[in-house]
Amino acid sequence: MPGMIDALDPELAAAFAVMPKAANGTLLELSDIPGLRAQMRAAYDRMPATPPDPRVTIEALRIPRDDRTELEVVLYRPAGAEPTLPALVWFHAGAQVLGDDARSDDAYHTALALALDCVLAAVVYRLAPETPAPGAAEDGYLAYTHLAEHAAEHGIDPDRIGLAGASGGGAPAAATALMVRDRNAPRPCSLSLLYPMLDDRLETPSSSEAVSEVVFARPDIRLAWAAVLGDRLGAEDVHPYSAPGRATDLAGLPDTFVAVAQFDLLRDEGIDFARRLIDAGVPVDLHLYARAFHAWDRFAAASALTRSFEQTWHGFLRRNLHG
């Protein structure tokens, strides 16, 4: 671990040094998913309440599923903005097993909506193991198609809706893009994958790098995929809607932004996905951030490396959302 810290960007190393660690020395350990959820919920409840930002209005949609349950999508809209705005459909991080309350990340969602002058649509997709894949992706497809079909009701430009996901949220974001293509729904204007979790096989070189076990260790990624896929984990016939890294046909996907970190077990599967998109003729912005670890932009939000990343990613989104 000391060698890894020395290799990190100094601001990121300082942020990592002061954060609480799991027993294995990483930031997250997934052997007890219900316990970790409870721990995270308790930590959030202890935080002082943040007053609402008057610059953004917040609306929670309840979209019916076929099984008569409802999907929650929370819309963050810049107040006093143009009557019609582009939208970004957002899939949160959490290894596909954590994160059931979009409102716990209001500050981040609000900042994105303001920075991009768009409606930020945070999808509260179903988590594993309670809902195995492709349940989260079906939620993404439902959210996207609902917003496209009811765009006028929500002040959204139906031709300017992008998809974006971070870490575990990269899987339902990418799978939603595949579903949209395969089912001939209106095409999204962009796809963003930030250090995405895409492939359950864990066969890339980075997935076995001990130096990349910063936020989580290899056994924890495997535990997350086991929750997502159950006894399908590692099987030959896993569908790309359940693990998008399995896709063999990536043609027809929208312009895509992929960001990965040097010290991340997921680094190479993101790079591989980007390369295969390029081979399929999809325009791709691929960025590898040296001396960074997984989700560095959230753990070291004030760092220069995060500001550089945000400038680059937000530039891509503005071009595609407003172009």
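Without hydrogens or angle criteria, Thr145 side chain to Tyr141 main chain gives a donor-acceptor distance under 3.5 Å. For the pair Lys21 (side chain) and Leu28 (backbone), a donor-acceptor distance under 3.5 Å is absent. In this structure a side-chain-to-backbone donor-acceptor pair under 3.5 Å is present from Arg126 to Gly135. With Ser206 contributing its side chain and Asp268 its backbone, the two residues share a donor-acceptor pair below 3.5 Å. Side chain of Arg181 to backbone of Gly252: no donor-acceptor contact under 3.5 angstrom is found. A donor-acceptor distance shorter than 3.5 angstrom exists from the side chain of Arg232 to the backbone of Ala133, with no hydrogens or angles considered. A donor-acceptor pair is defined here as one N or O able to donate and one able to accept, closer than 3.5 Å; no such pair exists between the side chain of Ser167 and the backbone of Gly169. Judged by distance alone, with hydrogens and angles left aside, the side-chain atoms of Ser208 form no donor-acceptor pair with the main-chain N or O of Pro205 at under 3.5 Å. Here the side chain of Thr131 pairs no donor or acceptor atom with the backbone of Ala128 at under 3.5 angstrom. At distances below 3.5 Å, at least one donor-acceptor pair connects side-chain atoms of Thr176 with backbone N or O atoms of Pro172.
To the nearest 0.5 Å, the span separating CG on Asp100 from CZ on Arg41 amounts to 5.5 Å. Within the model, atoms OG1 of Thr110 and CG of Asp105 stand 9.5 Å from one another, a figure rounded to the nearest 0.5 Å. Atoms CG and CG, from Asp200 and Leu233 in turn, are 5.5 Å apart once rounded to the nearest 0.5 Å. Here the CG-CD distance, from Leu27 to Glu213, works out to 12.0 Å after rounding to the nearest 0.5 Å. How far CZ of Arg307 is from CG of Leu305: 10.0 Å, rounded to the nearest 0.5 Å. Atom CZ of Arg77 and atom CG of Asp117 lie 9.0 Å apart (nearest 0.5 Å).
Defined by atom type and a distance below 3.5 Å, a donor-acceptor pair is present between the side-chain atoms of Asp106 and Tyr76. Residues Ser303 and Trp296 have side chains that never bring a donor and an acceptor to within less than 3.5 angstrom of each other. Looking at Asp182 and Tyr241, their side chains do bring a donor and an acceptor atom within 3.5 Å of each other. Looking at His294 and Tyr195, their side chains never bring a donor and an acceptor atom within 3.5 Å of each other. Side chains of Glu29 and Ser31: a donor-acceptor N/O pair is present below 3.5 angstrom, by distance only.
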Item to complete: List the steps, then state whether side-chain contact (heavy atoms from CB on, under 4.5 Å) holds for Glu236 with Arg201.
Response: CA-CA 10 Å; Glu236 292 184 4; Arg201 293 169 292 188; over 6 Å; no
Fill in: From CA spacing to verdict: side-chain contact (heavy atoms from CB on, under 4.5 Å), Val215, Thr26
CA-CA 5 Å; Val215 174; Thr26 67; over 6 Å; no
Item to complete: List the steps and the verdict of side-chain contact (heavy atoms from CB on, under 4.5 Å) for Leu85 and Asp157.
Response: CA-CA 6 Å; Leu85 290 176; Asp157 181 344; over 6 Å; no
Fill in: Step-by-step side-chain contact (heavy atoms from CB on, under 4.5 Å) determination, Leu191 to Thr256
CA-CA 5 Å; Leu191 171 65; Thr256 300; 3.8 Å; yes
Worksheet item: How far apart are the C-alpha atoms of Arg183 and Glu138, what are their side-chain angles, what is the distance that settles it, and do they pass the salt bridge (charged side-chain N to carboxylate O under 4.0 Å, His left out) test?
Response: CA-CA 12 Å; Arg183 298 172 182 177; Glu138 292 290 358; 2.9 Å; yes
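Residues Met179 and Tyr144 are not in side-chain contact: their nearest non-hydrogen atoms beyond the backbone lie 4.5 Å or more apart. Taking the side chain as every heavy atom from C-beta outward, Val74 and His109 never approach each other to under 4.5 Å. Contact annotation: the side chain of Phe293 never approaches that of Leu265 to less than 4.5 Å [non-hydrogen atoms, C-beta and beyond]. In this structure, Val124 and Val73 have side chains that are not in contact, with every pair of non-hydrogen atoms separated by 4.5 Å or more. A heavy-atom distance below 4.5 Å is found between the side chains of Leu116 and His314. Looking at Asp199 and Phe273, their side chains never come closer than 4.5 Å, going by heavy atoms from C-beta outward. Contact check for Asp139 versus Phe91: no side-chain heavy atoms found under the 4.5 Å cut-off. Using a 4.5 Å heavy-atom cutoff, the side chains of Val119 and Leu88 are not in contact.
The cationic group of Arg298 lies under 6.0 Å from the six-membered ring centre of Tyr108 and within 45° of the ring axis, placing it in a cation-pi geometry. Under a cutoff of 6.0 Å and an axis angle of 45°, Arg291 and Phe263 do not form a cation-pi pair.
Pairing each heavy atom of Asp32 with each of Gly35, the nearest pair is OD1-N, 3.0 Å. In plain terms, the two heavy atoms of Val282 and Pro254 that are nearest each other are CG1-O, 3.2 Å. Residues Pro78 and Ala113 come closest through the heavy atom pair CG-O, 3.5 Å. Nearest heavy atom pair, residue Arg187 against residue Asp255, reads NH2-N, 4.3 Å. Across all their heavy atoms, Ala261 and Ala292 have their closest contact at CB-O, 3.5 Å. Across Pro186 and Val180, no two heavy atoms sit closer than the pair O-CG1, 3.3 Å.
Classification of the Phe309-Phe257 ring pair by plane angle, with boundaries at 30° and 60°, yields tilted.
Placement of Leu147 and Ile58 in two distinct hydrophobic clusters is found when ILVMFWY residues are connected by side-chain heavy-atom separations under 4.5 Å, directly or transitively. Two different hydrophobic clusters hold Ile271 and Leu266 under the rule that ILVMFWY side chains link at heavy-atom gaps under 4.5 Å. The hydrophobic cluster containing Leu30 also contains Met19, counting ILVMFWY residues as joined when their side-chain heavy atoms lie under 4.5 angstrom apart, directly or transitively. A chain of hydrophobic side-chain contacts below 4.5 Å, direct or via other Ile, Leu, Val, Met, Phe, Trp or Tyr residues, connects Phe299 to Val211. When the side chains of ILVMFWY residues are joined at heavy-atom separations under 4.5 Å, either directly or via intervening members, Trp90 and Leu61 end up in two distinct hydrophobic clusters.
Salt bridge status for Arg55 with Asp53: present, with a side-chain N to carboxylate O gap under 4.0 Å. Salt bridge annotation for Arg246-Glu203: absent, with no cationic side-chain nitrogen under 4.0 angstrom from a carboxylate oxygen. Of the charged side-chain nitrogens involved, none lies within less than 4.0 Å of a carboxylate oxygen, so that Arg276 and Glu269 do not count as a salt-bridged pair.
Atom CZ of Arg222 has 12 or fewer heavy atoms from other residues, nucleotides or ligands within 6.0 Å. The number of heavy-atom neighbours closer than 6.0 Å to CG of Asp45, taken from other residues, nucleotides and ligands shown, is above 12. Other residues, nucleotides and ligands contribute at most 12 non-hydrogen atoms within 6.0 Å of the CZ atom of Arg275.
Legend: residues meeting side-chain contact (heavy atoms from CB on, under 4.5 Å) with Ala274, ordered by chain and number and at least two apart, are Val258, Val284, Leu286.
Between His92 and Tyr125, the distance from one ring center to the other falls under 6.0 angstrom.
Residue Leu229 is tested with Pro129, Pro132, Ser242 for a side-chain contact (heavy atoms from CB on, under 4.5 Å); the sole match is Ser242.
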